[in-house]
2 protein chains.
Amino acid sequence: MLSQAEENYLKEIYALGEETEELLSTNSIAKKMRTKASSATDMLQKLAGKGLVDYTKYKGTRLSKEGEAKAMAIVRKHRLWETFLVAKLGFSWDEVHDIAEQLEHIQSKTLTNRLDAFLEYPSHDPHGHPIPNTNGKIVASEGIILADLKINEKGVLVGVKNATDSLLKYLNKINITIGDTIKVLDIEPFDDSVTIDNNAQQITISGNVAKNLYIKYR
Amino acid sequence: MLSQAEENYLKEIYALGEETEELLSTNSIAKKMRTKASSATDMLQKLAGKGLVDYTKYKGTRLSKEGEAKAMAIVRKHRLWETFLVAKLGFSWDEVHDIAEQLEHIQSKTLTNRLDAFLEYPSHDPHGHPIPNTNGKIVASEGIILADLKINEKGVLVGVKNATDSLLKYLNKINITIGDTIKVLDIEPFDDSVTIDNNAQQITISGNVAKNLYIKYR
DNA sequence: TCTTTTTTTTAGATAAGCCTAAAAATATTT
DNA sequence: AAATATTTTTAGGCTTATCTAAAAAAAAGA
């Protein structure tokens, strides 16, 4: 069985791996874990010893097949619990991350699968991120980003890329939620800001925000 | 914030304290924690340092007021999660203990209170044990034990005293559940075994089992 | 290419929670 | 009450996950 620390490393290594094809530097992993490079080295060597990462001294690290399976199991739990907290307990999507960070370490496959059934097999969590199935496979697609839409195109908001606290709070404030139908009214070439129509409300968002919103055509 | 180990000690010290008025021996605590007396001593001294137990060298230990409050909070979480697992996820009462042992350590008062609301403020967990309220107070009573009923008296099964795995499995097997109306048909003075009627089924249970079943008169 | 800077690893320390073995205190027998 | 047995505590180690400081390797710059 893995310790919570080991699980957290695997999860963050997975997240970093999503962003690049290359080997991950020890430094980048240490930064993600908010720890020192020496601590990361220790842990990477331990995980390598357990066959969960492929680690080459001074070269870099990536998840092994087995490590990826473990990581997906944790991501699955995290996203299911987030869904539970929002759908059943009435939390808002910007409040659930820290609690799910704890819940994701609960060990019981039966529990995870029953929770999945109880939630009626959701495909995405409240941030729009896809939920891996029992086999660790992500079935659903993530859609395209709002910043790629052209003027007068519209679609449904299905996800948020970097679900940081501040972004979620901001979206709450300007009344944008998963499931909203968004139409692009104007794009300002100077700074890539986008004016959209959402529920008959006109809002201008920065290009940065537009890059973080996943849209599906309707 | 308390570590999981500290929380577990507090919870078990609370449970032991329920059984006796006297100071608890270091040995009894060590046994309950399935650890060595020297380890228990270490922890008791640490907890004493934090003001959570009153510990006197070579004399014994009991929870302080503050320690009891912490223990009750953990018991509350444990029992709420057990209720959730049975009522919402379809677990049976003999499957939930180990999972609740993990869930009871999740840190979030909001979560606990929302779970309580979601479950519609249950007064007892699936084993019939009372659930402390937000202030750590137990409101409901536990009832009397089946072994104290006389012939022809009847009542409703509201709880199980020592909810061990084997007892719960046994009760499942003989078709006895919380909420059943049980009538005493006969008591054998030789070994205190009790013959009862439950759902038009006659069953004879040992005196030992009868001492572990809480009954409320109807 | 040779220095200098940056990254990564190693070495040694620390805190938590456990262990064994030995010492100290308390309880029980005789 | 003295001897013996039991309980409890102390002392010293071990493991995990972290840290700092120093050494080694790799990358960047002159």
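Residue numbering restarts at 1 for every chain, and letters A, B, ... go by the order of the sequence lines. Please read all numbers here as calculations on a predicted model, not as lab measurements.
- For A/D98, the side chain to side chain contact (heavy atoms under 4.5 Å, CB included) test picks out no residue, with sequence neighbours left out.
- Residues passing the salt bridge (Lys or Arg N to Asp or Glu O under 4.0 Å) test with B/K211: none are found, sequence neighbours excluded.
- Annotation: side chain to side chain contact (heavy atoms under 4.5 Å, CB included) contacts of A/Q107 (sequence neighbours excluded): A/M1, A/E7, A/K77, B/Q102.
- Taking the six-membered ring where the residue is Trp, the centroids of B/H78 and B/H97 are separated by under 6.0 Å.
- For the segment residues 2-18 of chain A, the set of residues with a heavy atom within less than 4.0 Å of an atom of DNA chain D comprises A/S3, A/A5, A/Y9, in numerical order.
- Every salt bridge (Lys or Arg N to Asp or Glu O under 4.0 Å) that A/E101 has, sequence neighbours left out, goes to A/K11.
- Residues passing the salt bridge (Lys or Arg N to Asp or Glu O under 4.0 Å) test with A/K169, sequence neighbours excluded: A/D165.
- Under the rule for a side chain to side chain contact (heavy atoms under 4.5 Å, CB included), the partners of A/A5 that lie at least two apart in sequence or sit in another chain are A/S3, A/M43.
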Between protein and nucleotides 10-14 of chain D, what N or O pairs are separated by less than 3.5 Å?
| residue | atom | partner | partner atom | Å |
| --- | --- | --- | --- | --- |
| D/dT10 | OP1 | B/K57 | NZ | 2.8 |
| D/dT10 | OP2 | B/Q45 | NE2 | 2.7 |

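- Not counting sequence neighbours, B/D94 has no partner by the salt bridge (Lys or Arg N to Asp or Glu O under 4.0 Å) test.
- Of the residues in residues 23-34 of chain A, not one comes within less than 4.0 Å of DNA chain D through any heavy atom.
- Contacts of A/T41 classified as side chain to side chain donor-acceptor pair (under 3.5 Å), with partners at least two apart in sequence or in another chain: none.
- Residues in residues 52-67 of chain B take part in these side chain to side chain donor-acceptor pair (under 3.5 Å) pairs, two or more places apart or across chains: B/Q45-B/Y55.
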